[in-house]
Undergrad: 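Dropping the structure in here first, questions after.
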Amino acid sequence: MANFRRFRPDDLNKLSKCNLDPLTETYELSFYLQYYAKWPSLFQVAEDENGNIIGYIMGKLESSPDVYKFSEHYLPWHAHITAVTVAPEARRLGIGKLLTEQLEAAGDAGNAWFIDLFVRKTNHKAIKFYESMGYSIFRVVKEYYGDHSTDPTQNSEDAYDMRKPLKRDVKKEHIRTDGEKHEVDPTDVW
Amino acid sequence: MAYNKYRYGPPALKSSVDMQLQSAFSDGNWSTVVRLAAKRFATFKDPYYEAIKVSTEAQLQGTAEKCAVLVHVDELVKSKKTPDIDTLDLFEWACQDFIGYEIEFAETFGPLRARWVKANANSPMAVSCLQGCLEQWDLVSAQQIAATLDKTHANSADRRYMFWNITLTFLLSISPQCTEASRKVYSLLTVRQLQKAADITESSEKLEKTDKGLLTEEEVCLYYRVLLGHGTKEEFLTRLKSPKLGAIGQLKQGHKLLFCECLDALETWGEWDTIYELCRDALKLGLDGSTTPFFVCDLRIWKKFVAAATEATNADAALDEVQNVLKQFIELKDKATPMYKKNISLALLETTFRLPSTTINPNHENKALSPKVIQIGLFLDEYYERFAAFDDVKGYVAELGYEEAKTFLEDVLPNIPGENPTKAQQIIITALECRLRYTLTTCPQTLSPHPTVVEGTDQGKPFKCRVCSNLAKSPCEDCLKKLIIDAANAYSQVAADKELLAAIPKLDRDPRLDLALVMGNSLLKLSGLRPKLPNFAQSLWQDVQPEVLLQAVLLLDTQLRVTPNDNGLRLMLVQLYLLFGCASYAHQLWVPLDVKRTIQDALSPLFFDRISSISPGLFQGTRPLMEPLRAYYSQSLRDPSPVRIWDAFSSGSYTSVLDMAEYDKKLRTSCTLVMTLVEERRAARLFVGKLDIDIDDHILATDIVEDTTLVHKTDYGSFPNLESANGPPIQDFIRLGPGPSNERSHLSFLAEQYLDLLSYTPPKDYKPSKAAEAAARDKAYNLETLIRINTSLTDFLHKPPTPKLLTPPETNYYTALSLLSALVLTAISLPKSEASVPTIVSQTTQSLKTTLTTLRTGLLSPRSTASVSTEQTISSLCDMPAFSSVRDIALGTKLSAAFVLACHERETARDKSGRSGLHKGVVMEMKALESAAAKTLADARAHVGVLKGVMNESGWLDRLLDVVLGEEDKEADELTDKVSDVVDGRAGAEEWAGKVVESWREGVKGWGMVRFE
């Protein structure tokens, strides 16, 4: 049913199964192509037999800008999951997990310390999923999202910055057990 | 379209410039800058100050000052001297509004920057020059800079320069910017350079990061892309098998891209033995631990492996090996994730279907319960409850022989949930069975040929259905009816069972949705709805049974209220409502899909294609209807280079560079882009009559000329397609007409160009001093444009595929414009002194008048509301695109005649001698044509008036429900009863009927605002 391969720009014409789902955000062209340009091997898709995209992950390998080197929020060389989505029809097959594992492997291959991602605090399903894969909360980014997914009366929502240590972090120096107690502002994250 | 690298401000001045001038410059105090720079130039004689002065003058209002910089740039280009880089920056900033218009970057700044880099190759600024040229998509200059950098840094450890040079040389070699003479040289050059790099890799024990061999996955894949473009097949095949740079060698390093890409090339060449060997070796890597076990365990790979084995030189041995490898994967299945488990199960299914029957069933035992049937059963044992179960097996079931299919449906499928299935499991199986039964109605094996003439009478039923034994057409209507009844019964059973209803949210997919889709699709087929062929009738209503078609829509709409998040169903309904002329309601259904940003190019045609001819009123909203789409293109195509191309270069993503260039080219020539431009213009003309700019001058139309191949990429992936591969997919049935195409897009674009020419009026203050000369120039321009448009319109209309790509009203419209453009051309070029008007003129005008009369009488309704029946009205409401074409043809005719007559009047007014002006006969013909067009337009306006009157009558809700569900006091047929049950009877359908009627009223109201003059 599914093939895993690297993203190619023509896939943008086959995104309807994923991106018509209200839980999946559609970005500007430059956003997708930025990832394809800079980190092509970290932009992976799952396609069905007819070439429709039924899942994809976009990620990157980077560190915080040098200017923040001495900031407490500086992030060393790490992998980041920008977006991961699976079409409704392809859920419960572990496609999200496989895509995430592929990015983790790329992070290891790129000698990253850890892999991280942002997730809405109320997205319990996703949080549980990431926890099952070894991710833990590293910090809470206050009012990271400009809207609230469950409460229309609120105009912002906190994010969890979740992390999983990669092979390079032998001593597990880049994760915390009490991440929920560490709150930061959106301006502190890159 | 010009790239504006100074969008966010001017370049910095040299640090040697004094503070006073610096501060005036940074404050944008241009007059002061000009004055100070002139003073400094006089004092220091440094030409940089003159450059500041000239560049700053370009920011002032006066045309002479603005353009002075162009002269300086021209001098710089001609001088052949190495320019100063800071001067270049200033000039480029000053010329930002001229690039792409008055001057071309590739003829000015590109060569200047290349010249500067040649003299300063070691400067860090050289890379900025490369970036600048690349972002202006000046590949010639960019390649020259890259070549210079490569040569200069040949001994450095930085490998980027070499690959930038190779990538740019390759890009140039496949670009229209390359001269034919250079193309071959560049092609050869890239191949040789990469061959050399490949040889270094092959011969090195271990490649260091500073070596000039192929090291990264991107570099290796670039080599193969270049080989595919310019190399030989033999070299490609040889290298593909090499231990280091071959596909398997790359897989061992964790690089899958080459393996995926090469399979397509090999298939094109029919290299089945190589495909077979590669797939086998790749899959075995997972088994022997060289890669992770399921690294290439994709269904695509399995399918290619099996297909290649059947085509291999020694097919028997190859097929044995396929089974052997598959067996080993089946043994690993327990360790696999659900996705790979499923892929292995599907691989087993695929293998069973592709192996020769002598292999899988050597003794031909029990042909009905064949190994194929058993394998589908085994697959469904595991997956029947999953969302994608139907799509997974549909193709295989459609391949079964009739006896096999019968056994599968009757004996295998019902037993899949086991002996004591839950109610939910039972209904899932029923829904799956109904869907597969529907699919089988679209398969030839369920019908056998039967003499259609019985006792001298043609029964119109050329088949005997093997399922129900009745005489049938294709598909079998009796089977479809039975399917509707069975699905409706199952649907009603679910609706009445609280236990089942409570279980539905826990299921992968709501079985009611599947049952509704079966009923809806069956009703659509029963209604007579078919893909739009060139000979289909003008009116949808002439082809179909309206009540059955409306029942399908009602039923599917009812289901959408139950499962509002099903996008496939929603998209299907959007199409159906557009077909019905209910555009405002289709829009209401479209909006929640939130089609925005990047996905618009592929999805927007599903709503916007032909929208101005269905419901112009939609364009009268507070926000321009197609603004998001236009904004998307404006944003994405703002620069001449592909979005983010420098990011790809600077990151060493060479295959991304090539793919992004290709994607950008397609986006600039997208049928959806043309649709956006044309639909907005058509709508504007419907209301305003005149447009601000010609379509040719639109910034988004820069890349569209007659020989451009326009690309259509409409994404139908989300449509629920129950059809088998034996017939067209569902979208072909429910779309208003053929989908977007190169031919139709060009015709629509040409039509706009023609109307632009006819609508042109010179500015009021345009009073040329030499009137005769100006008139001659205008005439020459008009003739030249008319010849071009007429030739292109005729060419596109006469292309063999074109008739299949247009609706009949579109064919009428473009044919009429082709005739009109020819007529206008003859009319204005015919000398007044000719004795008589060529017969072609009278023949053409006669033909056009006949067309107008035929269309008028054929399509436009009676002038009185009293004589219009419900069916007639609905038919008219559904035929608005045809009505729109009548208006368009009439208006095109009127404008053409007016254009010719205006030429005549201008000429006679300018030259009172009586020698100028057009031929008397031509003028008479044009007046007659104008009058015929005016009459048609008046009738068209009256038609809208009649429709408006009829739609304003009361009782429409009941009238519509009477058509759909039959009159209340009369007994309905069994199918109508079943549909009625599903939609909760007449009361349940009332809300729907209200929305449909309201949408029709809104549509007619919109047409009421349209100009008919």
Side-chain angles (χ1 to χ4, degrees), chain A residues 1-22 24-41 43-44 46-55 87-99 101-102 105-106 109, chain B residues 217-218 254 256-257 260 292 298-301 303 337-340 342-343 346 386-388 391-392 395 508-509 565 567 571 593-599 601-603 632 635-636 642-651 653 655-657 659-660 662-664 666-667 713-718:
Chain A
M1 183 209 176
N3 308 307
F4 290 97
R5 60 166 172 78
R6 190 190 276 197
F7 166 87
R8 49 182 181 243
D10 274 346
D11 293 334
L12 296 172
N13 300 321
K14 291 282 193 181
L15 286 185
S16 70
K17 285 195 172 185
C18 284
N19 284 39
L20 288 182
D21 185 73
T24 303
E25 181 60 48
T26 299
Y27 302 101
E28 291 293 354
L29 179 63
S30 66
F31 191 77
Y32 295 109
L33 292 188
Q34 179 193 9
Y35 280 82
Y36 182 57
K38 291 185 177 175
W39 305 279
S41 63
F43 196 165
Q44 295 283 331
E47 67 173 353
D48 72 8
E49 231 183 304
N50 302 312
N52 299 303
I53 304 305
I54 51 171
E89 68 176 54
R91 288 180 190 153
R92 296 208 296 136
L93 287 167
I95 290 177
K97 188 172 177 228
L98 287 166
L99 288 167
E101 283 170 352
Q102 283 176 21
Chain B
E217 185 178 21
E218 283 295 312
K256 197 175 169 184
L257 182 60
C260 291
T292 51
D298 298 328
L299 188 56
R300 173 176 177 256
I301 306 302
K303 284 193 164 188
T337 56
M339 183 68 251
Y340 287 123
K342 190 173 170 187
N343 272 359
L346 283 168
R386 307 311 292 265
F387 194 110
D391 287 326
D392 287 333
D508 245 22
R509 190 174 161 91
N565 292 330
N567 296 322
L571 283 168
L593 289 166
D594 201 18
V595 173
K596 61 182 180 189
R597 300 178 186 145
T598 306
I599 57 174
D601 189 47
L603 289 169
Y632 168 68
Q635 171 76 17
S636 305
V643 172
R644 296 281 182 183
I645 195 75
W646 181 249
D647 282 347
F649 259 94
S650 55
S651 308
S653 308
T655 59
S656 301
V657 168
D659 288 343
M660 287 159 75
E662 182 64 22
Y663 182 80
D664 179 75
K666 288 182 189 164
L667 194 63
K713 300 156 284 186
T714 312
D715 181 359
Y716 296 106
S718 290

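Residue numbers begin at 1 in each chain, while the letters A, B, ... track the order of the sequences.
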Undergrad: Where is the tightest heavy-atom contact between A:E28 and B:T598, given as atom of each residue plus distance?
TA: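 Taking A:E28 first and B:T598 second, the nearest heavy atoms are C-OG1, 3.1 Å.
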Undergrad: Give a yes or no answer on whether the side chain of A:N52 reaches the backbone of B:S718 with a donor-acceptor pair at less than 3.5 Å.
TA: no
Undergrad: For the NZ atom on A:K97, are there more than 12 heavy atoms of other groups (residues, nucleotides or ligands in this structure) within a distance under 6.0 Å?
TA: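 Counting neighbours around NZ of A:K97, 12 or fewer heavy atoms of other residues, nucleotides or ligands fall under 6.0 Å, so no.
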Undergrad: Please report the interatomic distance OH(B:Y340) to CG(A:L93), rounded to the nearest 0.5 Å.
TA: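 Rounded to the nearest 0.5 Å, the OH-CG separation comes out at 12.0 Å.
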Undergrad: Please name the pair of heavy atoms, one in B:M660 and one in A:A37, separated by the smallest distance, quoted to 0.1 Å.
TA: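 So the minimum-distance heavy-atom pair works out to CE-CB, 3.9 Å.
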Undergrad: Measure A:F7 against the heavy atoms of chain B and call it side chain, backbone, both or neither at under 4.5 Å.
TA: neither
Undergrad: For chain A, find which of B:G254, B:S656, B:S651 contributes the most heavy-atom pairs closer than 4.5 angstrom.
TA: B:S656
Undergrad: Check the pair B:R597, A:E25 against side chain to side chain contact (heavy atoms under 4.5 Å, CB included), reporting the backbone distance first and the verdict last.
TA: CA-CA 10 Å; B:R597 300 178 186 145; A:E25 181 60 48; 3.0 Å; yes
Undergrad: At a 4.5 Å cut-off on heavy atoms, which part of B:E218 comes close to chain A: side chain, backbone, both, or neither?
TA: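 Looking at B:E218, just its side chain touches chain A.
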Undergrad: Heavy-atom distance under 4.5 Å to chain B: side chain of A:L98, backbone, both or neither?
TA: side chain
Undergrad: Quick one: pull up OG1 in B:T655 and CZ in A:R8 and give me the separation to the nearest 0.5 Å.
TA: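 Between B:T655 OG1 and A:R8 CZ, I get 11.5 Å after rounding to 0.5 Å.
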Undergrad: Mind ranking B:I599, B:V657, B:N565, B:D664 by heavy-atom pairs under 4.5 Å with chain A and telling me who comes out on top?
TA: B:I599
Undergrad: For A:Y27, is it the side chain, the backbone, both, or neither that has a heavy atom closer than 4.5 Å to a heavy atom of chain B?
TA: backbone
Undergrad: Checking heavy atoms, do the side chain of B:F649, its backbone, both or neither come under 4.5 Å from chain A?
TA: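 No part of it gets close to chain A.
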Undergrad: With a 4.5 Å limit on heavy-atom distance, are the side chains of A:P22 and B:D594 in contact?
TA: no
Undergrad: Please round to the nearest 0.5 Å and tell me the distance separating atom CD of B:E662 and atom CG of A:D10.
TA: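 Atom-to-atom, B:E662:CD and A:D10:CG are 7.5 Å apart.
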Undergrad: Show the numbers, then the answer: is there a side chain to side chain contact (heavy atoms under 4.5 Å, CB included) between A:L29 and B:Y632?
TA: CA-CA 9 Å; A:L29 179 63; B:Y632 168 68; 3.9 Å; yes
Undergrad: Please find the pair of heavy atoms, one from B:C260 and one from A:R5, that lie closest to each other, and give the distance.
TA: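 Closest approach of B:C260 to A:R5, heavy atoms only: SG-CB, 4.3 Å.
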Undergrad: Is chain B contacted by the side chain of A:N50, its backbone, both, or neither, given a heavy-atom distance below 4.5 Å?
TA: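 For A:N50, there is no contact with chain B at all, as no heavy atom is under 4.5 Å.
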Undergrad: I'd like to know if the side chain of B:K256 reaches the main chain of A:F4, judged simply by a donor and an acceptor atom lying under 3.5 Å from each other, with no hydrogens or angles considered.
TA: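 Yes; at least one donor-acceptor contact below 3.5 Å.
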Undergrad: Nearest 0.5 Å, what's the CG-CG distance between B:L603 and A:N19?
TA: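 The CG atom of A:N19 is 9.0 Å from CG of B:L603, to the nearest 0.5 Å.
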Undergrad: Tell me, for A:Q44 versus chain B, whether the close heavy atoms (under 4.5 Å) come from the side chain, the backbone, both or neither.
TA: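 Looking at A:Q44, nothing touches chain B.
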Undergrad: Check whether A:R91 gets within reach of chain B through its side chain, its backbone, both or neither, counting any heavy atom under 4.5 Å.
TA: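 When you check distances to chain B, only backbone atoms of A:R91 fall under 4.5 Å.
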Undergrad: Out of B:R509, B:R300, B:R386, B:K596, which one racks up the most heavy-atom pairs below 4.5 Å with chain A?
TA: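 Heavy-atom pairs under 4.5 Å are most numerous for B:R386.
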Undergrad: Would you confirm whether B:N567, through its side chain, and A:L20, through its main-chain N or O, come within 3.5 Å as a donor-acceptor pair?
TA: yes
Undergrad: Taking all non-hydrogen atoms of both residues into account, name the closest pair between A:R92 and B:P338 and its distance.
TA: O-CB, 4.3 Å
Undergrad: Among B:T714, B:V595, B:D659, B:L667, which residue forms the greatest number of heavy-atom pairs with chain A at distances under 4.5 Å?
TA: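 The residue among B:T714, B:V595, B:D659, B:L667 with the greatest pair count is B:D659.
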Undergrad: To the nearest 0.5 Å, what is the distance between OH on A:Y32 and OH on B:Y663?
TA: 10.0 Å
Undergrad: Atom CG of A:L33 and atom CD1 of B:I645: how far apart are they, to the nearest 0.5 Å?
TA: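 Answer rounded to 0.5 Å: 9.0 Å.
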Undergrad: Assess the residue pair A:N13 and B:K666 against the criterion (side chain to side chain contact (heavy atoms under 4.5 Å, CB included)); give the C-alpha distance rounded to whole Å, side-chain angles, the decisive distance to 0.1 Å, and a yes or no.
TA: CA-CA 11 Å; A:N13 300 321; B:K666 288 182 189 164; 6.0 Å; no
